There are 2 protein chains.
Amino acid sequence: MGQGRRESPRYRQIAEYLRLRIMRGDYRPGDLLPSERALMEEHQVSRGTARQALAVLRADGLAQAAMGRGVFVREQAPARRVASDRYQREVRQIVEDGPQPPPETSFTRTQGIEWSDYRLDKDFRDTGADEEVAELFGVSPGEPLLERRFVFYAQGEPQQMSWSYLLLSLVSGTPVAGPANEPWPGGNIAQLATLGKIVSRVEESVAARMPLPDEVSTLRIPPGVPVLTVTRRMLAGPDRDEVVEVANKIVIPADRTIMDYAVDLDVSSDPP
Amino acid sequence: MGQGRRESPRYRQIAEYLRLRIMRGDYRPGDLLPSERALMEEHQVSRGTARQALAVLRADGLAQAAMGRGVFVREQAPARRVASDRYQREVRQIVEDGPQPPPETSFTRTQGIEWSDYRLDKDFRDTGADEEVAELFGVSPGEPLLERRFVFYAQGEPQQMSWSYLLLSLVSGTPVAGPANEPWPGGNIAQLATLGKIVSRVEESVAARMPLPDEVSTLRIPPGVPVLTVTRRMLAGPDRDEVVEVANKIVIPADRTIMDYAVDLDVSSDPP
DNA sequence: CAGTGGTCTAGACCACGCT
DNA sequence: GCGTGGTCTAGACCACTGT
């Protein structure tokens, strides 16, 4: 039966009651929340209403259901930090040591994980620039590009997927054009250095949204967890204006990663 | 009645069918989707199942329900871009022109909106550093701080909320200590300049999650939209190591904002 | 086996928005 | 007034997990 609605609905009251108890620490990460049947009894509601209450917490990423076992308070894994100064470290190694590939890539160093702990799925193909990528590259749509699709895993968990593009005219016939050499020691910047392109500027745009179904399955994203989406351009040349790489769809589950950026300001008295 | 479950559930099939049609452009942003009753008829399911299908799309931020009217394909407002180089521009004006407040603040300039278009809610109070803020500031917990809570509005829409902290020992007795002068012309960096602190480094950490209930109401966040959370430190001094401001809870609805960062790399041959 | 969450049905009353 | 989404009920069968 229906009923008047001046106060907030029953299911929301129950959800907020549970949320409060989670915040207070009555239920700690990993703990089992009351079952749907227990909530029915306790709050004198039908199962649908009890279930809806738990659905609120699941949609907010606070709780996670396990088939046949119950609903648990989600534990948030300590997030991996991805720092922007990894780019500076990479390019320093190259400028100082020359373009011999250094032994580490920013991906492993940033996380402090060993090579053996991670894995890379890769898929290369030739394609033409679509409108968005052409705009980012500063070329015409249809421009021949090498498309590289990557999925990074660490500790058995997928950490990010990306679509990256290089000008085919730049890489064609070089070791960069094939997937065999990935992961490239020293990473993207070292790779571009072998082509004579010293990256002098990296631009990243960060946004967030809920994941698409294929992202959920590929990255094994729990319900209620958004993704960070990053669009990246790598630029080279003394004027930092030659676009040498574009990655327009870097997708990162937001429950495992924090993006760190440092902006050093020029405070000298001379205009730049 | 229940039934076997080899394929994906009915409600998910219906949801994916609708998602496909949205992606294909059969339903465009702003269009009305079939009503729950229409989906019942069309797919021969109960209302609960039809409703659940639409719930999937709403949870993913693809659709939005309007009471008494129907469920619509969500239009994504063109996102405001917040660029990291706003900091460099702010500090340049100060270094070149001295600490007279320049006429614009980064917030208005970044968006290209007029002063009259935006509004600032502010709430100042003295407090002691909690553990997290103390860690970020590099001081002991309990250190006296000025806490400033802001909510920014633009075009009548709330754009972000933040908790910002300054050392009370630095600002006490100055015009900065009171909310009356906010919004401060020239923004945070100009404000710190009047205290003799030239900001030489800004650090930002970006993450994402689903919003809390109070964030949903304060920022008017539609269901299915995550928030970007930014933690910021402003540092001063030639060694860029004196923390002068900490904002540990900047919350930004992800449907209205993209964060842009540019990292210029030092590619000179001298070690830095 | 008992208990859990996942799915589905059929029916009800409500508040809202438009015509 | 009529159609819409929002809420709630009571009951059912299913698949999965643990003992």
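Source: prediction; values computed, not measured. To find a chain, count down the sequence lines: A is the first, B the second, and so on, and within it residues start at 1.
- For the pair B:R10 CZ and C:dG6 C1', the computed distance is 16 Å after rounding to whole Å.
- Among the protein residues, A:R12 comes within range of no part of the nucleic acid, since none of its heavy atoms lies under 4.0 Å from any strand.
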I would like to know whether A:Q13 and A:E7 meet side-chain contact (heavy atoms from CB on, under 4.5 Å); could you show each step before the answer? CA-CA 9 Å; A:Q13 292 177 26; A:E7 348 145 348; 3.0 Å; yes
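- Judged by distance alone, with hydrogens and angles left aside, the side-chain atoms of B:D60 form no donor-acceptor pair with the main-chain N or O of B:L62 at under 3.5 Å.
- Legend: salt bridge (charged side-chain N to carboxylate O under 4.0 Å, His left out) pairs involving residues 149-165 of chain A, not counting sequence neighbours, sorted by first then second residue: A:E157-A:R256.
- Look at NE2 on B:H43: it is 17 Å from P on C:dT7, rounded to the nearest Å.
- Both B:R51 and A:R37 lie near DNA chain D, and the one whose nearest nucleotide falls closer to the 5' end is B:R51.
- No hydrogens or angles considered: a donor-acceptor pair under 3.5 Å links the side chains of B:S205 and A:D260.
- Side chain A:R47 to base C:dG6: a donor-acceptor pair is found below 3.5 Å.
- Tested against B:L145, the residues B:V246, B:V133, B:D130 include a single side-chain contact (heavy atoms from CB on, under 4.5 Å) partner, B:V133.
- Contact between the side-chain N/O atoms of B:S35 and the OP1/OP2 oxygens of D:dT4 is found at a separation under 4.0 Å.
- Heavy atoms only, all atoms of each residue included: A:V227 and A:P253 are closest at CG1-CA, 4.1 Å.
- Look at CD on B:Q52: it is 12 Å from C1' on C:dT9, rounded to the nearest Å.
- C:dT4 atom C1' lies 13 Å from atom CG of A:L39, rounded to whole Å.
- Counting to the nearest Å, the P atom of C:dA12 and the CD atom of B:E36 are 17 Å from each other.
- The stretch residues 212-224 of chain A does not touch DNA chain D, since none of its heavy atoms comes less than 4.0 Å from the strand.
- For the pair B:T49 and C:dT9, the criterion of a side-chain N or O lying under 4.0 Å from OP1 or OP2 is met.
- Distance, B:Q44 CD to C:dC8 P: 14 Å, rounded to whole Å.
- Checked by atom type and distance alone, the side chain of A:Q64 never pairs as donor or acceptor with a backbone atom of A:G61 at under 3.5 Å.
- Taking a 4.0 Å limit (strictly below) on heavy-atom distances, residues 62-75 of chain B reaches DNA chain C at B:M67, B:G68, B:R69.
- With respect to the salt-bridge test (charged N to carboxylate O, under 4.0 angstrom), the residues B:D255 and B:R74 do not qualify.
- The aromatic rings of B:Y17 and B:H43 stand perpendicular to each other, their planes meeting at an angle above 60°, with 30° marking the opposite boundary.
- Remark: A:Y11 is not in phosphate contact with D:dC8, judged by side-chain N or O atoms under 4.0 Å from OP1 or OP2.
- Listed candidates were D:dC8, D:dG6, C:dT9. Nearest to the side chain of B:V45 is C:dT9.
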